[in-house]
Amino acid sequence: MYKAQKILNRTTWFRSIRPGDVSKGLFKDYRALKSISVQLADYNASIGKKLGVYVHAKYLSKELSVILVGVTLEQRKKELEDPDYKDEWRKLIEE
């Protein structure tokens with residue numbers, strides 16, 4: 001499995017994710033973890049769209065960490081249109 005890294009700048013972390021990438025970030029408290037969803041939604045709607053990447057997040061509250069997975073915008077469109085494809089991105093996460 002990938003090593004969790006302490007995240008100092010979320011936008012820089014989001015920008016580092018490309019389609020097929022998986023990255024695990026570690027946070028100091030639950031409040032920091034909770035605000036990521038809003039920032040990530042904004043990122044996906046703006047910067048991610050320009051870069052051609054959609055970033056999914058899996059939240060691990062007990063570990064105070066988040067796993068980000070990047071997919072192409074074409075993959076994201078397919079996820080939204082095909083219910084059988086919606087969780088394909090999760091297969092990139094090593095369990």
Side-chain angles (χ1 to χ4, degrees):
M1 179 162 280
Y2 23 80
K3 185 178 184 219
Q5 57 182 320
K6 289 184 182 180
I7 303 302
L8 303 175
N9 185 311
R10 295 173 196 182
T11 303
T12 300
W13 184 40
F14 298 163
R15 282 180 183 259
S16 74
I17 305 298
R18 296 290 175 253
D21 286 352
V22 178
S23 179
K24 186 174 183 179
L26 187 61
F27 296 87
K28 61 183 177 188
D29 60 37
Y30 182 74
R31 261 190 13 231
L33 189 73
K34 191 172 145 184
S35 68
I36 288 176
S37 63
V38 173
Q39 289 177 303
L40 189 56
D42 183 54
Y43 174 84
N44 279 328
S46 58
I47 299 168
K49 201 174 203 178
K50 287 179 189 173
L51 296 175
V53 63
Y54 183 90
V55 181
H56 285 286
K58 178 178 179 180
Y59 297 86
L60 305 170
S61 299
K62 290 180 183 176
E63 296 178 26
L64 293 178
S65 63
V66 176
I67 298 173
L68 298 184
V69 177
V71 297
T72 65
L73 295 180
E74 292 78 24
Q75 287 171 303
R76 178 62 179 153
K77 184 177 178 187
K78 187 174 178 182
E79 291 168 357
L80 295 171
E81 294 172 348
D82 183 351
D84 293 331
Y85 192 77
K86 73 177 180 121
D87 288 325
E88 282 296 306
W89 66 273
R90 293 180 183 275
K91 293 179 181 176
L92 294 172
I93 300 173
E94 299 171 10
E95 295 296 333

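For reference, positions follow the sequence shown, starting with 1. Atom set for the values below is all heavy atoms of this structure, side chains included, hydrogens, waters and symmetry mates excluded.
Rounding to the nearest 0.5 angstrom, the gap separating the NZ atom in K86 from the CD atom in E81 is 15.0 Å. The distance from atom CG of L73 to atom CD of E79, rounded to the nearest 0.5 Å, is 10.5 Å. A distance of 11.5 Å separates CD1 of I7 from CG of L33, quoted to the nearest 0.5 Å. For the atom pair CG of N44 and CD1 of I17, the computed distance is 11.0 Å after rounding to the nearest 0.5 Å. Between the CG atom of L26 and the NZ atom of K3 there is a distance of 10.0 Å, given to the nearest 0.5 Å. To the nearest 0.5 Å, the span separating CG on L51 from OG on S46 amounts to 9.0 Å.
I67 and V55 fall into different hydrophobic clusters, defined by Ile, Leu, Val, Met, Phe, Trp and Tyr side-chain heavy atoms under 4.5 Å apart, directly or through other members. Taken together through direct or relayed side-chain contacts under 4.5 Å among Ile, Leu, Val, Met, Phe, Trp and Tyr, L8 and F27 form parts of separate hydrophobic clusters. One hydrophobic cluster, built from ILVMFWY side chains closer than 4.5 Å, holds both L60 and V69.
Every residue meeting the side-chain hydrogen bond (donor to acceptor under 3.5 Å, both in side chains) condition with K91, not counting sequence neighbours, appears here in chain and number order: E88. By the side chain to side chain contact (heavy atoms under 4.5 Å, CB included) test, D84 is found to be paired with D82, residues two or more places apart in sequence or in another chain being considered. Remark: D87 pairs with R90 by the salt bridge (charged side-chain N to carboxylate O under 4.0 Å, His left out) rule, at least two apart or across chains. Residues satisfying the side chain to side chain contact (heavy atoms under 4.5 Å, CB included) criterion with S16, sequence neighbours excluded, are W13. Applying the side-chain hydrogen bond (donor to acceptor under 3.5 Å, both in side chains) criterion to E63, with sequence neighbours excluded, gives K24, S65. In this structure, the side chain to side chain contact (heavy atoms under 4.5 Å, CB included) partners of S35, at least two apart in sequence or on a different chain, are R10, Q39. N9 is linked by a side-chain hydrogen bond (donor to acceptor under 3.5 Å, both in side chains) to T12, counting only residues two or more places apart in sequence or in another chain.
Shown here for K58 and I93, the closest heavy-atom pair between the two residues is CD-CD1, 3.9 Å.
The ring-ring contact (aromatic ring centres under 6.0 Å, His included) analysis of residues 66-94, with sequence neighbours excluded, yields the pairs H56-W89.
Annotation: side chain of L68 is in contact with side chain of L40 (closest heavy-atom distance under 4.5 Å). No side-chain heavy atom of F14 sits under 4.5 Å from any side-chain heavy atom of I47.
Using a 4.0 Å cut-off between charged side-chain N and carboxylate O, E74 and K77 make no salt bridge.
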What's the verdict on side-chain contact (heavy atoms from CB on, under 4.5 Å) for V53 and Y43, showing C-alpha distance, side-chain angles and the deciding distance?
CA-CA 10 Å; V53 63; Y43 174 84; 4.3 Å; yes
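Residue V38 shares its hydrophobic cluster (ILVMFWY side chains chained together at separations under 4.5 Å) with no other residue.
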